[in-house]
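Inspection log for the structure reproduced underneath, given as structure tokens.
For this chain, numbers begin at 1 and follow the sequence in order.
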Amino acid sequence: MSTSDLFSKVKEGHGIFELLRFVFIGSLATLTDLCVTLLLFFLVPGIHENVVTTAAFCTAFFVSYYGHRYVTFRQSGSMLRFFLLSGSMLLLRNILVFIFVTYWMRGLIPIITAMALVTVITYLISKYKVFKQ
């Protein structure tokens, strides 16, 4: 199989190729989230972790929605459903960050841990509810 054949399958395919596209878009959204997190964390001394989490998550929302709409699932999907999903995941993520900060430690580790957990849940709900075929 040539490289162009492989790229064609990734572009047009479903199944494993859809998952690869999701990972790519999710990585871009996560990178956006992480960059905003780091910028706020280091440029605004004393900023609370939940403020950082909320601002970063909201910024990454647009990267995620439009990436999944046009690249991953190629379905118009429902921005409202995706927003509700994202809002729910933001709430869950903030709860996790609050618990981690209260009972575990402060800093970047609780933020990144909560980010990873919420990402897995977001994929499953996006695939089967928001952008279902």
Side-chain angles (χ1 to χ4, degrees):
M1 175 181 290
S2 71
T3 305
S4 62
D5 290 339
L6 180 62
F7 284 126
S8 176
K9 286 185 181 282
V10 170
K11 182 179 174 188
E12 297 171 14
H14 296 283
I16 187 70
F17 299 112
E18 179 182 87
L19 183 59
L20 290 173
R21 291 190 309 265
F22 181 85
V23 168
F24 175 72
I25 296 301
S27 296
L28 286 177
T30 301
L31 183 61
T32 300
D33 195 319
L34 185 59
C35 287
V36 172
T37 295
L38 292 172
L39 281 171
L40 289 174
F41 191 77
F42 290 113
L43 294 178
V44 185
I47 192 169
H48 194 275
E49 289 86 350
N50 284 104
V51 173
V52 172
T53 295
T54 301
F57 197 86
C58 289
T59 304
F61 167 81
F62 292 101
V63 173
S64 186
Y65 176 76
Y66 286 108
H68 292 316
R69 177 179 178 173
Y70 292 108
V71 177
T72 304
F73 300 111
R74 296 193 183 119
Q75 300 285 328
S76 62
S78 167
M79 185 179 266
L80 177 60
R81 281 186 185 177
F82 196 72
F83 180 76
L84 292 173
L85 169 63
S86 295
S88 299
M89 294 301 102
L90 174 60
L91 179 61
L92 175 60
R93 190 165 139 187
N94 270 301
I95 290 169
L96 290 171
V97 168
F98 178 79
I99 291 168
F100 293 158
V101 166
T102 302
Y103 297 104
W104 185 29
M105 67 171 43
R106 296 186 64 90
L108 287 175
I109 292 175
I111 294 171
I112 293 170
T113 302
M115 184 188 308
L117 292 171
V118 166
T119 299
V120 172
I121 296 167
T122 301
Y123 168 73
L124 295 171
I125 296 173
S126 291
K127 177 164 180 63
Y128 295 107
K129 291 292 181 185
V130 176
F131 296 99
K132 68 181 177 181
Q133 311 219 355

Output all residues satisfying side-chain contact (heavy atoms from CB on, under 4.5 Å) with [X], sequence neighbours left out; order by chain, then residue number.
X: T122; answer: L85, M89, V118, S126
X: L28; answer: F24, I25, V63
X: L38; answer: L34, F42, L108

Next on the checklist: Applying ring-ring contact (aromatic ring centres under 6.0 Å, His included), can you list everything that pairs with F100, at least two apart in sequence or on another chain?
Outcome noted: W104
Item to check | Set of ring-ring contact (aromatic ring centres under 6.0 Å, His included) partners for Y66, sequence neighbours left out | outcome: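 Not a single residue meets the ring-ring contact (aromatic ring centres under 6.0 Å, His included) criterion with Y66.
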Next on the checklist: Any heavy-atom pair between the side chains of H68 and F82 that's under 4.5 Å?
Outcome noted: yes
Verify the cluster assignment for [X] and [Y]: are they in a single hydrophobic cluster under the rule of side-chain heavy atoms below 4.5 Å apart?
X: L39; Y: F57; answer: no
X: I111; Y: L117; answer: no
X: I121; Y: F98; answer: no
X: V36; Y: I109; answer: no
X: Y65; Y: L124; answer: yes

Next on the checklist: Quick test of your reading: applying side-chain hydrogen bond (donor to acceptor under 3.5 Å, both in side chains), list the pairs with at least one residue in residues 109-118, sequence neighbours left out, ordered by first then second residue.
Outcome noted: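 Sorted result for residues 109-118: empty, none.
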Next on the checklist: For residues 81-93, which residue pairs pass the side-chain hydrogen bond (donor to acceptor under 3.5 Å, both in side chains) check, not counting sequence neighbours?
Outcome noted: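 The answer is D33-R93.
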How close do [X] and [Y] get, heavy atom to heavy atom, and via which atoms?
X: F73; Y: F22; answer: CZ-CD1, 4.0 Å
X: A114; Y: L96; answer: CB-CB, 3.9 Å
X: A29; Y: A60; answer: O-CB, 3.4 Å
X: T37; Y: A56; answer: OG1-CB, 3.3 Å

Checklist entry - Which residues, ordered by chain and number, are linked to L84 in its hydrophobic cluster, where ILVMFWY side chains connect at heavy-atom gaps below 4.5 Å, directly or through other members? => result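 Reading the cluster by chain and number, L84 sits alongside L80.
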Checklist outcome for this item: By side-chain hydrogen bond (donor to acceptor under 3.5 Å, both in side chains), T30 pairs with (sequence neighbours left out) none
Next on the checklist: Test: salt bridge (Lys or Arg N to Asp or Glu O under 4.0 Å). Region: residues 97-109. Which pairs qualify, not counting sequence neighbours?
Outcome noted: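 Found E49-R106.
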Checklist entry - salt bridge (Lys or Arg N to Asp or Glu O under 4.0 Å): which pairs involve residues 62-72, sequence neighbours left out? => result none
Item to check | Euclidean distance, T53 OG1 relative to M115 CE, rounded to 0.5 Å | outcome: 7.5 Å
